[in-house]
Number of protein chains: 2
Amino acid sequence: MLTPRTGGTRRSAKREAVLDAAQAVFLEMGYAAASMDSVAARAGVSKATVYAHFDSKDQLFAAVIRRRCDKSEAFVLADRTLDARAALTLIGRRLMDLLLSPEALAMYRVVVSESLRQPELAQAFYDSGPGAGKAQIAAIIAELIRRGELAAVDPRRASDQFVGMLRTDYFMRTLLGLTQPEGSRVDDVIDDAVETMLRAWGTASSPPR
Amino acid sequence: MLTPRTGGTRRSAKREAVLDAAQAVFLEMGYAAASMDSVAARAGVSKATVYAHFDSKDQLFAAVIRRRCDKSEAFVLADRTLDARAALTLIGRRLMDLLLSPEALAMYRVVVSESLRQPELAQAFYDSGPGAGKAQIAAIIAELIRRGELAAVDPRRASDQFVGMLRTDYFMRTLLGLTQPEGSRVDDVIDDAVETMLRAWGTASSPPR
DNA sequence: GTCTATATTTCGATAGAC
DNA sequence: GTCTATCGAAATATAGAC
């Protein structure tokens with residue numbers, strides 16, 4: 001009879017605690033500034049326990065990033081009854097909520113800074129983050145084109161441009177920890193991006209303004 | 001009689017050598033991984049000399065970033081004879097050359113990763129980089145609107161969106177050190193951004209396609 | 001697996017001679 | 001200002017008991 005592997009290596013409670021603590025510390029402090037001591041302290045275990053589960057700081061970091069990438073979900077589901085304006089606005093809202101969340105921003109900062117040192121992690125981050133998002137939005141745009149709500153344009157190109165118009169100054173300022181100018185609102189960014197998309201690629205069934 | 005200040009503090013040859021070395025090391029390795037020893041070695045001076053000119057690693061880093069920000073030039077001058085398509089394409093080309101340059105990418109990586117720890121540097125970087133670029137492009141777009149080449153739209157908003165459509169997937173992949181997909185070209189990104197801008201905000205004098 | 005205690009290295013910063 | 005030499009702290013990683 002097989003044991004339930006309660007004390008197993010891959011999924012012990014302490015191992016998960018270490019991963020949770022490491023994620024918090026790495027995202028808060030950045031890779032280099034995060035010490036294995038602080039990870040151990042935060043996890044409530046000894047440093048030797050950390051090294052019992054992960055060979056090195058590099059591998060622990062890799063495990064944190066990969067786990068987070070695996071967990072990233074499809075952030076948007078197309079409601080087939082929505083017209084282009086409503087669909088794009090909804091996508092925009094969800095994407096902005098995701099991009100501007102403290103965790104996503106922290107993840108972006110640390111992965112970008114370590115991307116050259118750990119190329120495989122950069123690839124994993126891209127595939128599960130920007131890459132997956134681009135594909136999802138492209139699929140929805142392709143559907144809108146099929147329904148005649150948007151003009152015929154390469155969906156991946158349109159997805160790129162739409163995301164680009166969302167990830168502008170507002171995102172940059174938030175990423176850098178700066179305050180937003182008076183009266184700057186996320187909803188305006190979204191509405192403006194949708195309007196430009198519709199003006200450029202809208203059809204009679206989805207008029208701008 | 002005043003001395004020529006050859007041995008002065010603010011502009012000695014060694015001080016400049018330290019700054020040059022520090023810039024190279026910080027941008028290559030990131031703030032935390034860059035050691036004062038490596039800076040001294042690269043500058044060809046002793047570590048004590050580094051500390052004779054800069055009180056701490058933090059202040060040396062700040063001096064490097066500020067110097068680089070001060071040096072950032074106006075990257076684009078409007079040729080008043082260009083129509084909207086030509087002007088936007090030229091701006092796009094210059095901006096992409098700048099954004100995709102190894103030094104700008106390295107600067108972006110290190111400033112983003114240290115932005116929360118050094119808020120004043122984040123502000124200086126934004127002001128002299130993204131902020132200045134946005135203002136410059138907005139001014140050119142305002143001129144195009146004045147000449148009837150573009151429809152009436154908030155120039156700063158249009159600038160944001162245009163830059164956003166340039167800084168898309170291609171930029172992200174380069175930033176992360178990933179290879180570009182087969183057949184992916186910078187000029188296509190620029191042309192696509194220009195076309196969408198003109199379709200959305202072009203006039204009879206600047207028709208799309 | 002998990003702990004305490006420690007080995008070893010590296011780093012930021014300084015003392016003191018010139 | 002500049003150097004050599006070094007201090008003290010903090011970091012990664014490991015040894016050995018249980």
Side-chain angles (χ1 to χ4, degrees), chain A residues 2-65 110 113-114 117-118 121, chain B residues 2-65 110 113-114 117-118 121:
Chain A
L2 292 171
T3 64
R5 296 192 59 69
T6 317
T9 315
R10 303 299 298 176
R11 288 213 181 176
S12 78
K14 300 233 172 190
R15 183 189 170 91
E16 291 301 311
V18 169
L19 279 171
D20 290 340
Q23 171 170 326
V25 173
F26 281 132
L27 293 190
E28 267 174 33
M29 325 253 300
Y31 175 82
S35 73
M36 297 295 266
D37 286 277
S38 61
V39 170
R42 189 135 178 178
V45 303
S46 75
K47 202 164 39 168
T49 299
V50 176
Y51 279 98
H53 289 280
F54 304 95
D55 289 343
S56 67
K57 185 180 176 181
D58 267 2
Q59 290 196 19
L60 174 57
F61 181 67
V64 166
I65 301 299
V110 68
S113 69
E114 297 303 313
R117 221 175 50 82
Q118 305 232 35
L121 292 189
Chain B
L2 293 170
T3 63
R5 297 192 57 73
T6 317
T9 317
R10 304 298 298 176
R11 288 213 179 176
S12 78
K14 299 233 172 188
R15 184 189 168 91
E16 290 301 311
V18 169
L19 279 171
D20 290 341
Q23 172 170 327
V25 173
F26 281 133
L27 294 191
E28 268 174 32
M29 325 255 297
Y31 175 83
S35 72
M36 296 296 265
D37 285 277
S38 61
V39 170
R42 188 130 173 183
V45 301
S46 75
K47 199 162 45 165
T49 298
V50 175
Y51 278 96
H53 289 281
F54 304 95
D55 289 342
S56 68
K57 185 180 177 183
D58 267 1
Q59 290 197 19
L60 175 57
F61 181 67
V64 166
I65 301 299
V110 67
S113 68
E114 297 302 314
R117 219 177 49 82
Q118 305 232 36
L121 292 189

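Naming: A, B, ... by sequence-line order, numbering from 1 per chain.
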* Measure from CG on A:D37 to P on C:dC3 and round the result to the nearest Å. => 14 Å
* To do: Return the value, rounded to whole Å, for the distance between atom CZ of B:F54 and atom C1' of D:dG1.
  => 14 Å
* To do: Would you verify whether the NZ or CZ of B:R117 falls within 45 degrees of the ring axis of B:F61 while also being under 6.0 Å from that six-membered ring's centre?
  => no
* Asked: Between CG of B:L19 and NZ of B:K14, what distance do you get to the nearest 0.5 Å?
  -> 14.5 Å
* How long is the line joining OH of A:Y51 and P of C:dT4, in whole Å? -> 16 Å
* Minimum-distance nucleotide (side-chain atoms of B:S56 versus D:dT2, C:dA13, C:dT2) -> C:dA13
* Heavy atoms, side chains only, cut-off 4.5 Å: are A:V18 and A:L60 in contact? -> yes
* Quick one: pull up NE2 in A:H53 and CZ in A:R15 and give me the separation to the nearest 0.5 Å. => 7.0 Å
* To do: Send over the distance from A:K47 NZ to D:dT14 C1', rounded to a whole Å.
  => 10 Å
* **Any A:T49 side-chain nitrogen or oxygen under 4.0 Å from OP1 or OP2 of C:dT2** => no
* Structure fact -> Here the gap from A:S113 atom OG to B:M29 atom CE, rounded to the nearest 0.5 Å, amounts to 13.5 Å
* Under a 4.0 Å heavy-atom cut-off, which of residues 24-35 of chain A touch DNA chain D? -> A:A34, A:S35
* Side chain of B:A48 - closest among D:dA15, C:dT14, D:dT2 -> C:dT14
* **Interatomic distance, B:Q59 CD vs C:dA13 C1' [rounded to whole Å]** => 13 Å
* Looking only at non-hydrogen atoms, find the nearest pair between A:A62 and A:L121 and report the distance. => CA-CD1, 3.7 Å
* Structure fact -> Atom CE of A:M36 and atom P of D:dA9 are separated, to the nearest Å, by 23 Å
* Structure fact -> Between NZ of B:K57 and P of C:dG12 the distance, given in whole Å, is 4 Å
* Structure fact -> From CG of A:D58 across to C1' of D:dA11 the rounded distance in Å is 14 Å
* Row check, B:F26 ring normal vs B:K57 NZ/CZ: under 6.0 Å, within 45° -> no
